[in-house]
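Here the structure comes first, spelled out in structure tokens, and everything after it is commentary.
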Amino acid sequence: MTFSICVRERYTDDDGGDQIRFGVAVTTRLPGVGTLCPFASSDGAVATQSLVNVELGRKGIEYLGDGLAVDDALEALLNADEGSAQRQLHGVDADGTFAFSGDECNGWYGHREGQNYTVAGNLLTGEDVIEDTAAAYESDAHGDAPLAERLIDALAAGHAAGGDKREDLEVQSAALLVRNTEEDADDAYYNDLRVDASETPVADLRETYETAKRGYETILEKYAEEEAEEETDADAADEEASDDAGAADGE
């Protein structure tokens, strides 16, 4: 499985509370990567790739939910995995990062750990894919744009640097997930997106994101207008009731 990025960002919610958002994005020259590689929850983000063992991602997220630190959780899973030499596994939690590339992964392969993110890839054209993905994220970390959009930017930078070297494989895919620690926050429609089969997965993921974001904003506007109308009707009803009460008092 080509290359992916996992991210942690701290932020302040509308009520002044400290919160964390986690994100993961991936692209590869195979279909359906979103069903295999990316995992995220309010406890962290994990990506499992190379010779994929999906249970590493599923159990990794479960272990984070149980309170294990990301390095302890993922290291324990790898220690119990007989095929670990062929795996790549990386992720972030609220406090730490972890990245692993087995010695039997197909080259070029490697990973990078940043202060709040991890990047890993295999079967790449070279190290520039990882470096450019990381640089693109770092250049706008905690930026004004939604994290989902910035994750796509990071994938696009890695793709532009060469990406997956298997140019004979035309059917490709990409996916992203973003989760946060706000219990009552609305989950934006553009925080869980997949392009399962395409010859231009990153570009299609961006188009899907932009369409989903537009739809989400339209819904918010619609609900806001309906709420305003309901408040206007309620105020009018209250005023009419008050007038009727005043008229009755005058009789």
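As the structure is a computational prediction, the values presented were derived from the model and not from experiment. Keep in mind that the numbers below use all heavy atoms, side chains included, and drop hydrogens, waters and symmetry copies.
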Atom [atom1] in [X], atom [atom2] in [Y]: separation rounded to 0.5 Å?
| X | Y | atom1 | atom2 | result |
| --- | --- | --- | --- | --- |
| Tyr189 | Thr218 | OH | OG1 | 10.0 Å |
| Glu207 | Thr200 | CD | OG1 | 8.5 Å |
| Ser41 | Leu64 | OG | CG | 6.5 Å |
| Asp18 | Glu182 | CG | CD | 11.0 Å |
| Leu56 | Leu89 | CG | CG | 5.5 Å |
| Leu36 | Ser173 | CG | OG | 8.5 Å |

Count I, L, V, M, F, W, Y as connected when their side-chain heavy atoms are under 4.5 Å apart, and connections chain through other members. Are [X] and [Y] then in the same cluster?
| X | Y | result |
| --- | --- | --- |
| Leu77 | Ile61 | yes |
| Val24 | Tyr11 | no |
| Ile20 | Leu151 | no |
| Val202 | Tyr137 | yes |
| Leu155 | Val195 | yes |

For this session: State which residues pass side-chain contact (heavy atoms from CB on, under 4.5 Å) with Arg29; sequence neighbours excluded, sorted by chain then number.
Result: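 Partners of Arg29 under the side-chain contact (heavy atoms from CB on, under 4.5 Å) test: Asp164, Arg166, Glu167, Leu169, Gln172.
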For the student: nearest non-hydrogen atoms of [X] and [Y], plus distance:
| X | Y | value |
| --- | --- | --- |
| Leu74 | Gly91 | CD1-N, 4.1 Å |
| Asp15 | Asp13 | N-OD1, 2.9 Å |
| Ser42 | Asn180 | CB-O, 3.3 Å |
| Pro38 | Leu177 | O-CD1, 3.5 Å |
| Gly110 | Ser101 | C-OG, 3.8 Å |
| Val46 | Cys6 | C-SG, 3.9 Å |

Problem set entry | side chain to side chain donor-acceptor pair (under 3.5 Å) assessment of Tyr109 paired with Glu127 | CA-CA 8 Å; Tyr109 72 86; Glu127 186 175 2; over 6 Å; no
Kindly say whether [Y] contributes a backbone atom to a donor-acceptor pair with the side chain of [X] at under 3.5 angstrom?
| X | Y | value |
| --- | --- | --- |
| Ser4 | Ala25 | no |
| Asp81 | Gly83 | yes |
| Gln88 | Gly121 | yes |
| Asp93 | Asp95 | yes |
| Arg87 | Gly102 | no |

Exercise. Under the side chain to side chain donor-acceptor pair (under 3.5 Å) test, which residues partner Asn116, sequence neighbours left out?
Worked result: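 So Asn116 forms a side chain to side chain donor-acceptor pair (under 3.5 Å) with Arg8.
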For this session: Name all residues meeting the side chain to side chain donor-acceptor pair (under 3.5 Å) criterion together with Glu217; count only those two or more places apart in sequence or in a different chain, and write none if there are none.
Result: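 Per chain and number, Glu217 pairs via side chain to side chain donor-acceptor pair (under 3.5 Å) with Lys213.
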With a 4.5 Å heavy-atom cut-off, do [X] and [Y] have their side chains touching?
| X | Y | answer |
| --- | --- | --- |
| Arg194 | Leu205 | no |
| Leu30 | Val171 | no |
| Pro31 | Asp196 | no |
| Val7 | Val92 | no |

Exercise. Which ring-ring contact (aromatic ring centres under 6.0 Å, His included) pairs, counting each pair once, include a residue from residues 18-73, with sequence neighbours left out?
Worked result: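 Counting only pairs at least two positions apart or across chains, no ring-ring contact (aromatic ring centres under 6.0 Å, His included) contact touches residues 18-73.
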For this session: Only pairs at least two apart or in different chains count here, so list each ring-ring contact (aromatic ring centres under 6.0 Å, His included) that has a residue in residues 87-108.
Result: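 Checked against ring-ring contact (aromatic ring centres under 6.0 Å, His included) - neighbours excluded - no pair reaches residues 87-108.
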Problem set entry | From CA spacing to verdict: side-chain contact (heavy atoms from CB on, under 4.5 Å), Ile152, Leu176 | CA-CA 8 Å; Ile152 296 172; Leu176 67 84; 3.6 Å; yes
Problem set entry | Leu124 vs Lys165, side-chain contact (heavy atoms from CB on, under 4.5 Å): CA-CA, chis, key distance, verdict | CA-CA 5 Å; Leu124 303 180; Lys165 70 180 182 181; over 6 Å; no
Exercise. Would you find more than 12 non-hydrogen atoms of other residues, nucleotides or ligands less than 6.0 Å from Asp14 atom CG?
Worked result: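 For Asp14, atom CG is not crowded (no more than 12 foreign heavy atoms under 6.0 Å).
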Exercise. Does atom NE2 of His159 have more than 12 heavy-atom neighbours from other groups under 6.0 Å away?
Worked result: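 Incorrect, the count does not exceed 12.
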For this session: Give the intermediate values and the outcome of salt bridge (Lys or Arg N to Asp or Glu O under 4.0 Å) for residues Arg58 and Glu55.
Result: CA-CA 5 Å; Arg58 290 175 180 164; Glu55 286 302 300; 3.1 Å; yes
For this session: Ignoring hydrogens and angles, state whether a donor on the side chain of Thr97 or Glu113 is under 3.5 Å from an acceptor on the partner side chain.
Result: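 Thr97 vs Glu113: donor-acceptor pair found between side chains.
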Exercise. Would Arg179 and Asp43 pass as an ion pair if we require N to O under 4.0 Å?
Worked result: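 No salt bridge links Arg179 with Asp43.
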Would you list the atom pairs, donor with acceptor, under 3.5 Å between side chains in residues 138-150 and any protein atom, with sequence neighbours excluded?
| from | atom 1 | to | atom 2 | distance (Å) |
| --- | --- | --- | --- | --- |
| Glu138 | OE2 | Arg112 | NH2 | 3.4 |
| Glu138 | OE2 | Tyr117 | OH | 2.5 |
| Ser139 | OG | Ala136 | O | 2.7 |
| Glu149 | OE1 | Tyr209 | OH | 3.0 |
| Arg150 | NE | Ala145 | O | 2.9 |
| Arg150 | NH1 | Glu9 | OE2 | 2.6 |
| Arg150 | NH1 | Asp140 | O | 3.2 |
| Arg150 | NH2 | Glu9 | OE1 | 2.8 |
| Arg150 | NH2 | Glu9 | OE2 | 3.4 |

Exercise. What do the steps show when you test Phe3 against Val26 for side-chain contact (heavy atoms from CB on, under 4.5 Å), and what is the final call?
Worked result: CA-CA 6 Å; Phe3 63 100; Val26 58; over 6 Å; no
